[in-house]
Each structure stands twice: as structure tokens, then as C-alpha cells.
Amino acid sequence: MPQYFGKLQKTEQPWSTIGSVESINKTDRTIHFNCGETSLNLSILAPNLIRVRMSPTGEFKSRSQSITVPDEEWEITPFEVRETDEKIEIETAQITISVNRDRASVECFDKSGKPFASDCDPSMGWRAGATAGWKRIEAEEHFYGFGQRTGFLDKLSEVKTHWTIDALDYNSLSDEMYQAIPFYIALSPDRAYGIFFNTTFWSRFDIGAEQPGVLRMETRGPELDYYIIYGPEPAQILATYTQLTGRMPLPPKWALGYHQCRWSYDSEDVVRELAKQFRDRAIPCDVIHLDIDYMNGYRIFTWSPKRFPDPAKLLADLKAAGFKVVTIVDPGVKYEPEGDYEVFDRGVENDYFVRTAEGRLFHGYVWPEKAVFPDFLRPEVREWWGELHKNLTDMGVAGIWNDMNEPSIAERPFGDGHQHVWFPLDAPQGPESEGATHAETHNLYGLMMAKACSEGLQKVRSGERSFVLTRSGFAGIQRYSSVWMGDNLSQWEYLEMSLPMLCNMGLSGVAFVGCDIGGFAENATAELFARWMQVGMLYPLMRGHSAINTAQHEPWVFGDRTEKICREYMNLRYQLLPYIYTLFWEAATTGTPILRPLLYQFPRDRATYHLYDQVLLGPSLMAAPVYRPGVEHRAVYLPEGSWYDWWTGECYQGPTHILADAPLERMPLYVRGGGIIAIAPVKQFVSEEPLESLKMRIWPGSGEWTLYEDDGHSFEHEQGVWATTNYKVYLEEEKIIVEIAAREGQFSISEREVIVEVVGVGEQRFTDDGTVRRLTFG
């Protein structure tokens with residue numbers, strides 16, 4: 001937040017606090033507590049979901065900018081209210097909430113009586129320009145999520161601020177980032193809960209940094225508004241949180257392939273040669289991104305007539321070779337009143353751009369120098385902006401990359417009187433009737449740009465799923481876009497940091513995420529690039545990207561050894577696509593992360609709470625990457641159960657630590673006993689046809705998994721045109737049994753060969769016609 005608040009002095013004004021409960025009123029969803037001039041509302045939205053609102057004035061304002069499902073759209077949840085002289089208790093099927101009459105403090109308990117998300121003394125308060133709530137940090141609690149975060153996984157004893165900025169040159173100590181998601185999960189060995197801080201204003205969590213044992217949440221909004229979500233495990237918390245804030249749609253299957261990007265592949269000839277190299281070298285790739293230099297003078301929704309004279313022909317040729325093209329789109333529209341730039345002209349004519357509080361057209365400085373900015377908070381502006389993408393999709397563009405949308409404004413040698421220009425906090429934004437300002441909507445700017453893009457692409461690419469990528473966003477961004485972690489560096493620390501960053505994004509409801517493989521700025525070494533490609537194979541979004549004036553970062557520029565390593569792990573990614581696509585389906589239907597920290601799958605195992613450098617891709621496949629130069633062995637923690645080395649088949653019994661062999665060619669990979677992973681033939685790009693053959697690799701043990709399939713590109717799956725096949729493995733009298741249920745759903749799949757391999761035991765082949773099968777091994 002340095003753009004706006006960096007030099008403000010710390011406020012020393014004391015907090016005013018909520019008074020005692022004088023009376024209560026109950027409706028079918030809400031208990032209203034009258035606390036003198038202050039009001040407290042508890043809304044029971046689900047057995048594990050409680051909304052808490054406190055107004056210092058006693059009046060609750062309408063939330064024009066809220067992104068959550070409205071209270072009235074939740075099914076009525078039964079609850080009981082019990083009153084004593086000391087407290088009011090509200091009980092649901094899962095939890096009990098107790099409100100102290102003297103202090104109006106809120107305490108929560110699970111069914112065994114263990115407390116969680118309980119208020120301190122004071123519980124809630126306010127002072128000039130701020131409201132806050134204080135929660136007790138229980139023994140052995142650890143804290144995760146908080147959106148986009150650098151550093152390690154657990155955020156206990158840290159401060160996390162939510163204010164979107166262009167976090168160029170971020171590091172492990174950075175606070176504000178491109179994404180602002182005020183949500184966390186608190187985990188302890190016997191329970192877990194989450195809190196979503198429902199404020200779009202600047203906000204902050206102090207997780208015991210200033211006062212050990214106390215978590216403070218503070219906002220510059222006029223009231224306290226947050227949701228408590230009980231687990232008791234992270235999976236249930238995320239299911240409810242994403243029900244509250246939305247879930248990702250299924251992307252096109254090609255978006256799960258490898259993406260190649262650079263600032264910039266700046267001409268048609270360069271792009272054609274790039275595509276040729278991928279195919280000639282048999283290195284899989286589905287997507288080529290075009291950065292800002294494809295435009296005519298950085299004018300949004302234009303093509304450079306010199307560098308890209310015939311974009312339609314280029315994109316058609318690339319499509320024939322199996323490539324999709326994604327183009328960058330920034331929010332800054334070139335200020336060109338004397339020119340012939342329709343985007344600017346129509347925006348001014350319809351008053352679509354942000355104005356200052358005094359009514360002047362606001363301008364800042366970005367790539368096209370002086371620029372104006374659409375007010376994406378207004379529905380009519382989003383509709384107009386979305387339709388403008390037709391200028392790109394008519395040429396064959398299949399996806400859009402939204403950048404600079406924090407919004408970012410440049411600190412370059414141009415400017416008004418050599419002064420840096422920022423968005424004024426008092427600038428009106430959104431419908432005039434709602435009276436919002438930039439102070440309230442700043443964090444929503446990237447989210448609403450992504451929404452405009454996503455909804456626009458649905459119209460202009462009718463019937464085809466599109467890929468959307470954004471740098472900035474807020475809670476709920478998963479409904480509209482994938483996210484990458486912004487401008488990282490080609491340094492080992494950033495490779496290491498990528499795993500906890502992406503895992504905490506997954507624990508914040510955003511599953512389709514990635515980091516720039518190889519690093520964006522500076523130059524990767526061959527060893528760093530090889531190790532990063534191994535890790536990047538696990539990223540839900542697998543994109544290589546590099547900056548202008550850096551060395552080239554394509555897989556073949558580092559020599560034959562690195563190229564071979566990259567090819568092997570990119571091939572493995574494509575082989576795993578049936579497994580990965582199913583994980584995307586799970587994320588779209590339940591909010592489950594695709595890339596997971598071990599604590600997600602093993603929340604009762606304390607050894608996983610600080611383990612940030614091992615990750616799970618789905619429930620079964622665990623990686624222990626190397627993220628330091630010269631390292632050829634590393635310690636690996638294996639939780640409870642059987643674990644099999646992916647490469648050798650060797651079995652280990654957890655919980656235990658092992659020393660894994662990790663020469664440059666190998667990233668340690670392990671599969672849980674009972675793990676079931678679908679494997680496809682290696683392809684150079686994703687095919688839209690159903691798989692003609694499939695291999696199911698199954699590791700001895702007990703397990704169950706459902707394979708999901710659809711056409712990968714249309715929206716017919718929303719009408720039931722999909723197929724699922726459930727696989728189950730278990731032991732029966734020293735035999736390994738694999739049961740395959742009848743295929744369900746309306747998606748048609750021709751008969752195909754399926755190979756079922758029980759690793760270390762044997763394999764069986766059969767013609768899959770979708771009927772029930774029972775296979776015996778051993």
C-alpha cells in the first residue's frame with residue numbers, strides 16, 4: 001500500500017469498544033444484539049457458517065461491493081437459542097456460538113467443547129477511519145491462506161495487509177501483493193476453522209505479531225463484517241468458502257498444457273520460428289502468449305501493422321499446428337483525443353472512464369504514456385469492455401492475459417509536473433447510486449476487469465471455453481480467471497518460494513495458479529531452469545515467461561542436457577493430463593485445491609504444518625523438488641501409510657524421513673499406497689478427441705478415485721455431457737482387486753484399450769466399453 005498510505009503516521013487514538021448486550025431479536029436467519037448505540041448481528045447461514053457484523057453507529061449499510069452469496073440465498077439452517085444471565089448461546093448441528101452479555105464477545109465451540117475463533121477482550125472496536133476485531137490464538141494453532149503471500153507456508157506471528165499493488169521485485173518479506181484475499185485457515189491437531197474478512201477496503205491481519213496470542217483484523221471500512229467457517233478439516237472449510245465466494249469454471253483442456261511466453265515475441269516471424277522449434281524438437285506446447293509489443297503503439301485491442309501485418313493468417317497457421325494464442329490486455333487506454341482510436345473515443349463519448357471527485361477525466365501513465373482507465377465497477381462499462389475483445393477473437397485469439405490491473409501506474413520520467421500520479425482514493429467508482437469511491441473499490445479493480453473479460457469472451461467466443469489469466473484480483477477471482485504470481489526473478493529463492501505461494505493461493509480458494517517458470521527477470525542458469533521445469537510440471541498453470549533484455553528462456557537454449565530434462569518432464573505433464581483434468585473438475589465442483597500442501601491431506605499430522613517444500617498434486621502424487629544449486633540428495637518426509645517411489649517402485653512405510661536420490665535428471669516423486677493415476681499417451685498438444693487409449697497406474701493398497709472426461713472445449717458439460725468412471729483398489733485374501741464401475745454421464749466415448757497396471761505386480765488389458773469390470777492381481 002505504499003502508493004497511498006505509506007507516510008501516514010501510526011494512529012494513537014484509543015479504540016472505542018462495543019458495549020454490553022441490552023436486548024436481542026431473532027429471525028429465521030439472524031440474531032440481532034442491541035448493544036446501546038452499537039449493533040451486532042449473527043447470521044446462521046449453514047451449520048458451519050456464521051456471519052458476524054458489527055456497526056458502531058447501530059445501522060448496517062447496504063454492501064454494494066460485496067462479492068459473497070447474499071444471506072437470503074442460503075437455505076434456512078435450523079438453530080437453537082438459549083439465554084442465561086451471562087450469555088446467549090446459539091447452537092447448530094455442528095457448532096455452538098456463545099455471546100457474552102457484558103462484553104458482547106463471540107466465542108465458538110465444536111461439539112466436544114473445544115473453542116475456536118473466540119474473541120478476546122476487547123472483542124470489537126473502532127476509531128477514526130478504522131474498525132477492528134480481536135481473536136484469541138489457541139495453543140498449537142497455525143495459519144494459512146491469506147491469498148498471495150511470499151515466505152513460508154505458516155503465517156503465525158506475521159502481519160498480512162490486503163491492498164493490491166504492482167509488487168515488482170517482491171521478496172520473501174513483502175506484504176502487499178498483486179492479489180488481495182482476506183481469508184485464512186487456522187489449523188490445530190484436533191480442529192480447523194476459517195475466517196473471511198468481508199471488506200473491500202484496505203484491511204490487515206496481525207497474527208500475533210504485535211501481541212502474542214492475539215489475532216487482530218482491521219479495516220478502513222465503516223463496519224466489521226466477517227464469516228466464521230468451521231471445518232473440522234481444511235477440505236470442509238474450502239468447500240464452504242468457495243460456496244460463499246464462488247468456484248472456478250472448467251477451463252479448456254488445452255489451457256492445462258504448456259504455455260510459452262516472453263516480453264516479447266515481437267513479430268510474426270519470431271512467433272513462427274518459436275512454434276517451429278517446439279514441433280521440430282518434439283517438445284510439447286499448447287499456448288503461445290503475445291506480450292505488449294503485438295499492439296500498435298500499446299493501444300489496447302489493436303495489432304501492430306508492421307510486426308503483425310496479418311494476425312488472422314498467423315493465428316490460423318498456428319492453430320493448424322496445434323497452438324492457441326493468448327494476448328495481453330492492460331486496463332490503461334491511450335489518451336488520444338486528436339487521434340483515430342475508437343476505444344478512447346467511445347469510452348469518452350459514453351463516459352466510461354474513471355473521473356476525479358471534481359469531475360475531471362483521471363489519467364495516469366503506463367505503456368502508451370498518458371492513459372485513462374475504465375470504471376470496471378459499472379456493469380455497462382464491463383459489457384462494453386468485454387465486447388471489445390471481439391477485435392482479438394475475430395483474428396483467432398483463444399485467451400486473454402489481463403496485466404497491470406492492480407491498477408499499476410508507472411513511475412517513469414514522464415508525468416504531471418514530474419509528480420507521480422496515483423488513483424485518487426476519493427474518485428467515484430461504480431454506479432452513481434451506490435456512492436462508492438476508489439478507497440472502497442481499489443482491491444476490486446483487477447477482479448472486475450477479469451469479470452468483464454470472462455463474460456465478454458463467453459459472448460464473442462460463443463460455445464467455446466476461453467482461457468483468462470490475471471495478475472490482480474480479490475476474493476472470488478477464481479470465478480473468472482486463473483492467476484499467476486507476477487514478476488518473479490530467475491533466482492533459486494523464487495523457485496523455492498513458488499511452492500508455498502501457490503499452496504496458500506489454493507488454500508484461499510484459487511486453484512488455477514502458477515509462477516513464471518525459469519523466472520521473469522534476470523537470467524536463469526541451465527541447472528536452475530531444469531529444476532524449475534521439474535517443479536513447473538506440477539503447477540496447475542504451467543507457463544514459462546521471461547522479460548525483455550534478459551537471455552532467452554526457451555527449453556532448448558540451455559544445451560542438450562537441459563533440453564532433454566525439460567522434454568521428459570513436459571512429456572510427463574502431458575501424460576498426467578487425464579489425472580490433472582480430473583483435479584480441475586474437482587476444484588470446479590468442490591473448491592478443492594489442485595496443488596496442495598501436505599497439511600491439507602494430513603491435517604492431524606503436526607509434522608506437515610511447516611512443511612512447505614513438498615507438495616501433493618491431487619490426493620496421490622507427492623513431489624519433493626530440489627530448489628538449491630548443486631544438490632543431488634534431499635530429505636523427504638513421508639506421512640502415515642505406504643509410499644512408493646514413482647521412478648523405482650520402492651515402497652516405504654510412513655511416517656518416516658528418508659534421504660532421496662535426486663541427480664539433476666530426477667525430481668523425487670512418490671505415490672500413496674492405493675493411489676490411482678490415469679496416464680495418457682504422450683502428445684505434442686492437447687487433442688479435443690476422447691482418449692483412444694488409457695493406462696491406469698495403481699499402487700498396492702486401498703484407494704478410490706473417479707476419472708472425469710468431457711470434450712474439453714465446449715460448455716456441453718454444464719448440460720450433463722460428461723463421463724465419470726470410478727476405480728477402486730483393495731486387498732482380498734492376499735489378492736489385489738481392482739473394481740471399475742459402470743461409466744456414468746452423457747459424454748460418448750468409443751470403445752478403447754485400457755491397461756490397468758498394479759505397480760510391481762502386473763498389468764491387464766481390456767477393451768473399455770463403459771461396463772462394470774472386476775480385475776484380480778497377484
Side-chain angles (χ1 to χ4, degrees), residues 531 533-535 537-538 564-565 567-580 582-583 596 598 601-602 613-626 631-682 693-705 707 727-740 753-766 775-778:
R531 289 300 194 189
M533 190 63 76
Q534 291 170 348
V535 177
M537 181 273 290
L538 305 164
K564 183 178 179 181
I565 292 169
R567 184 184 296 107
E568 179 182 1
Y569 282 86
M570 294 163 83
N571 281 343
L572 180 56
R573 166 73 169 213
Y574 277 69
Q575 288 180 285
L576 289 170
L577 282 181
Y579 176 73
I580 295 172
T582 298
L583 298 179
R596 309 170 185 177
L598 270 62
Q601 216 72 41
F602 302 94
D613 62 349
Q614 293 177 219
V615 291
L616 286 159
L617 183 62
S620 300
L621 185 59
M622 183 179 72
V626 171
V631 172
E632 294 192 344
H633 298 83
R634 64 151 293 174
V636 176
Y637 176 68
L638 301 175
E640 184 179 6
S642 298
W643 292 88
Y644 292 83
D645 187 303
W646 172 274
W647 307 107
T648 68
E650 185 175 357
C651 181
Y652 302 89
Q653 291 299 318
T656 189
H657 287 86
I658 63 171
L659 184 64
D661 189 32
L664 184 59
E665 282 74 15
R666 179 177 296 181
M667 175 175 66
L669 284 173
Y670 304 89
V671 184
R672 296 176 72 180
I676 302 169
I677 295 181
I679 302 289
V682 173
S693 63
L694 186 66
K695 185 171 190 177
M696 303 300 299
R697 295 195 76 194
I698 300 176
W699 283 260
S702 296
E704 188 172 358
W705 189 70
L707 172 69
Y727 290 79
K728 184 182 294 185
V729 60
Y730 57 92
L731 296 176
E732 184 179 273
E733 297 179 351
E734 299 185 355
K735 301 289 186 181
I736 297 175
I737 307 300
V738 176
E739 291 184 353
I740 306 170
E753 182 183 59
V754 171
I755 302 171
V756 174
E757 177 196 4
V758 176
V759 176
V761 179
E763 65 180 39
Q764 297 184 34
R765 299 169 182 257
F766 62 91
L775 308 179
T776 302
F777 293 82

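In this structure, E640 places its CD atom where only 12 or fewer heavy-atom neighbours from other residues, nucleotides or ligands lie under 6.0 Å away.
In terms of modelled atom types and a separation under 3.5 Å, the side chain of R697 and the main chain of V759 share no donor-acceptor contact. Panel note: side chain Q764, backbone L775; no donor-acceptor pair is recorded below 3.5 Å. Although no hydrogens or angles enter the test, the distance criterion places no donor-acceptor pair under 3.5 Å between the side chain of K728 and the main chain of E704. Not a single donor-acceptor pair under 3.5 Å links the side chain of Y670 to the backbone N or O of Y652.
Side-chain contact between V682 and R567 is absent, with no heavy-atom pair separated by less than 4.5 Å.
For the atom pair CD1 (I736) and CD1 (I698), the distance works out to 9.5 Å, reported to the nearest 0.5 Å. Here OG of S620 is found 10.5 Å from CH2 of W646. Values are rounded to the nearest 0.5 Å. Annotation: the span from L583 atom CG to L617 atom CG amounts to 5.5 Å, rounded to 0.5 Å. Remark: E568 CD to Q575 CD distance equals 9.5 Å, nearest 0.5 Å. Distance check: L638 CG to T656 OG1 gives 6.5 Å after rounding to the nearest 0.5 Å. For the atom pair L621 CG and I580 CD1, the distance stands at 8.5 Å (nearest 0.5 Å).
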Give the intermediate values and the outcome of side chain to side chain contact (heavy atoms under 4.5 Å, CB included) for residues I679 and L576.
CA-CA 5 Å; I679 302 289; L576 289 170; 3.7 Å; yes

Quick one: do W647 and E665 satisfy side chain to side chain contact (heavy atoms under 4.5 Å, CB included)? Show the steps, please.
CA-CA 11 Å; W647 307 107; E665 282 74 15; over 6 Å; no

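Between F602 and W643, the ring planes are tilted. Angles from 30° to 60° get that label. Classification of the W705-Y579 ring pair by plane angle, with boundaries at 30° and 60°, yields tilted.
Screening V758, V729, T776, L731 against I737 for a side chain to side chain contact (heavy atoms under 4.5 Å, CB included) leaves a single residue, T776.
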